[in-house]
There are 2 protein chains.
Amino acid sequence: MFLGHQASYEIPFGRSAQPEGITGAVEYRTKEEQVADHLREAILSGHFPRGTRLKQAEVAKTLQISITPVREALKLLEAEGYISGSSYKGAVVAPLDVAASVETLNLRILLEGQLIRHAVERATTEDLRLIRGFADEFAEAVRRKDSAEARASNYRFHKQMYATANLPQTLHFVQILWARYPFDVINRVEGRAVTAVEEHEELLRAMIEGDLAGAMLALRRHIEAGWATVKDETEIGGDHPPAVRVRRTPRRGKEDKRNE
Amino acid sequence: MFLGHQASYEIPFGRSAQPEGITGAVEYRTKEEQVADHLREAILSGHFPRGTRLKQAEVAKTLQISITPVREALKLLEAEGYISGSSYKGAVVAPLDVAASVETLNLRILLEGQLIRHAVERATTEDLRLIRGFADEFAEAVRRKDSAEARASNYRFHKQMYATANLPQTLHFVQILWARYPFDVINRVEGRAVTAVEEHEELLRAMIEGDLAGAMLALRRHIEAGWATVKDETEIGGDHPPAVRVRRTPRRGKEDKRNE
DNA sequence: ATTAGAAATAAAATGCATTATTTGGCTCGG
DNA sequence: CCGAGCCAAATAATGCATTTTATTTCTAAT
């Protein structure tokens, strides 16, 4: 009853020996990476809901390895914002913190705006063709109501778009922000994906036309539309600053002193 | 204490046995943190110059502990951008990369701008008093030419200022950017600290007056003045975007390679 | 009898000593 | 002079020991 409502988790990552002919296959370099990947997917897919306690020994036993790689993977995920933990007390999947989410929202607009700006300036025809492809994949997946495929295409669409900006550090920060962002809430909503398809179209059209202002506006609309969904779903108050919060954990992983 | 000075490296941190009566003392919770703190300080102070290879066993022996905490500390520092490493090949102190530094510069202006904006809006008299104190400490240290103390006060000045903004994620990103930024180059320059004192005064004055635009302008000037120093020191080309070069890898001398 | 406080206990993370893998250089053979 | 294969060094992984935290239980006082 722990892992395994989906086939891919039953055999998390198989034996080390794999036919080396398939070069593109998912062959990990270290076990730490395998564990990190596995946990990331399990968290993002909702298999470990927010607030779930992740015990080193348990994870290690599930994946049939010793706990050392698990600890290091947990540290990595903590740095990436997927989980939060404090010393000797273990790690939990980051709970929804409205105050933090508002900050994340603003940072996303700020940083993804930079990425769009550079992407519009640098995009080649080939870049646009790739982005177009992922946009179509996303639209198709939404039409088929294949939510897993939709999530994947959506990810690839944004990733490809931002990759053309050629700002690796900014992109890295944005990915951390994604990890902290309540996509799980957004994805639960029925009509959201359909709207997102239109927003992608608008964004891509502006990019193709080289319309910088239009692209940045479209991006802003896209992000804010998602946030509006979150607000509706979580019953946060209106537009006023979120005075009502959840904030049930200290959310300071690294430096909470014993005596304060 | 974060940035200390040289002498403290000889005796990294005094054994676990400490008169436990002094609770306020620097008492770490885990050895991993001790190691991380030690290495951060050593890197920022220039004790380990860029490119230095950090061997787990070596560090462990120096600090008289086993390699496990060292490993985890290295992973943490890698996530923070102090070092870069690849599997089975070890970690090196991150080398200077001009293209990355330019991106870091722009991100600093963007994010620290946000922090200043919120800080100006939220600062209380007590906050300003604390910041004033660190600014004076910095000025005094510069006057005495105590560069280690100057570095520490400078850090505390900015940290305190940004802490009042109450944007933990943004602050966290900024600290990562600091780790990646070539302060070692800036700190080598003679007159830089004196100018920095004036810039701090200007910034603080604008904050006290609640002059948002003035504060953001002062910040921008402060950051860009430091960057100008870097450009002078490293002989990067003029003001045009650094599309090209520098990227000098010290291993090979002047031999030109055919195709890479 | 009920509850506050302290001590014992259980659970889970951190740290250590050791073994197993990987990498890069070096030698030996062509 | 170049390439395949061995050797040394460093990192990654394992299993076990230690330390810390949280819970439970026992005692004592109101």
Side-chain angles (χ1 to χ4, degrees), chain A residues 2 12-18 20 27-39 48 51-79 83-93 248-250 252-260, chain B residues 12-13 15-18 20 23 27-39 51-79 83-93 249 251-252 258:
Chain A
F2 192 57
F13 23 79
R15 50 286 116 198
S16 52
Q18 208 178 14
E20 72 293 318
E27 210 164 295
Y28 295 97
R29 193 153 195 74
T30 66
K31 299 207 175 176
E32 177 194 323
E33 282 177 51
Q34 299 174 24
V35 177
D37 235 44
H38 172 74
L39 289 177
F48 291 131
T52 304
R53 180 117 182 260
L54 295 178
K55 294 175 211 163
Q56 300 179 346
E58 218 166 331
V59 175
K61 194 175 174 191
T62 304
L63 303 185
Q64 301 279 18
I65 55 174
S66 75
I67 61 174
T68 307
V70 175
R71 320 168 27 180
E72 313 211 333
L74 287 175
K75 290 254 190 285
L76 187 58
L77 293 191
E78 187 181 341
I83 62 181
S84 69
S86 36
S87 63
Y88 288 107
K89 286 196 290 191
V92 297
V93 179
R248 43 174 54 105
T249 46
R252 310 172 48 177
K254 307 250 145 68
E255 51 188 37
D256 56 344
K257 296 271 174 150
R258 233 197 307 275
N259 44 2
E260 274 196 309
Chain B
F13 26 77
R15 267 115 323 285
S16 53
Q18 204 181 16
E20 73 293 320
T23 51
E27 218 166 286
Y28 295 95
R29 282 191 313 302
T30 66
K31 301 213 172 173
E32 176 195 323
E33 281 180 51
Q34 297 176 26
V35 177
D37 240 38
H38 171 73
L39 289 177
T52 304
R53 178 115 182 264
L54 295 178
K55 293 179 213 161
Q56 302 176 348
E58 208 167 288
V59 175
K61 194 176 175 191
T62 305
L63 304 186
Q64 301 279 17
I65 55 174
S66 76
I67 62 174
T68 307
V70 176
R71 278 172 59 100
E72 314 215 333
L74 288 175
K75 292 259 189 267
L76 187 58
L77 266 66
E78 187 180 342
I83 62 180
S84 67
S86 40
S87 61
Y88 289 105
K89 287 197 290 190
V92 298
V93 180
T249 30
R251 54 189 76 162
R252 289 275 150 173
R258 272 287 158 66

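Throughout, protein chains are lettered first and strands after them, A, B, ... in sequence-line order, and every chain is numbered starting at 1.
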List in chain and number order the residues that pass side chain to side chain donor-acceptor pair (under 3.5 Å) with [X], two or more places apart in sequence or in another chain; answer none if no residue qualifies.
X	result
B:Gln56	none
B:Ser87	A:Arg29
A:Lys55	none
B:Glu78	none

Would you indicate whether the side-chain heavy atoms of [Y] and [X] approach each other to under 4.5 Å?
X	Y	value
B:Leu63	B:Gln34	no
B:Leu39	B:Leu74	yes
A:Glu33	A:Thr30	yes
A:Lys75	B:Lys75	no

Does a side-chain N or O from B:Lys89 land closer than 4.0 Å to OP1 or OP2 of C:dT23, or not?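 B:Lys89 to C:dT23 OP1/OP2: no side-chain N or O under 4.0 Å.
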
Rounded to whole Å, how long is the line connecting atom [atom1] of [X] with atom [atom2] of [N]?
X	N	atom1	atom2	value
B:Lys55	D:dA9	NZ	P	10 Å
B:Glu58	D:dA9	CD	P	14 Å
A:Lys75	D:dA12	NZ	C1'	17 Å
A:Glu78	C:dA13	CD	C1'	13 Å

Base, backbone or nothing for each nucleotide of nucleotides 15-22 of chain C, written B, S, -, heavy atoms under 4.0 angstrom, 5' to 3'? BB----BS

End-to-end axis angle, where each axis spans five pairs of the helix from C:dA1-D:dT30 to C:dG30-D:dC1, to 10°: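 Answer for the end axes of this duplex: 10°.
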
Checking all strands, does A:Leu74 fall into the base, sugar-phosphate, or nothing category for heavy-atom contacts under 4.0 angstrom?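 The answer is nothing, as A:Leu74 stays clear of every strand by at least 4.0 Å.
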
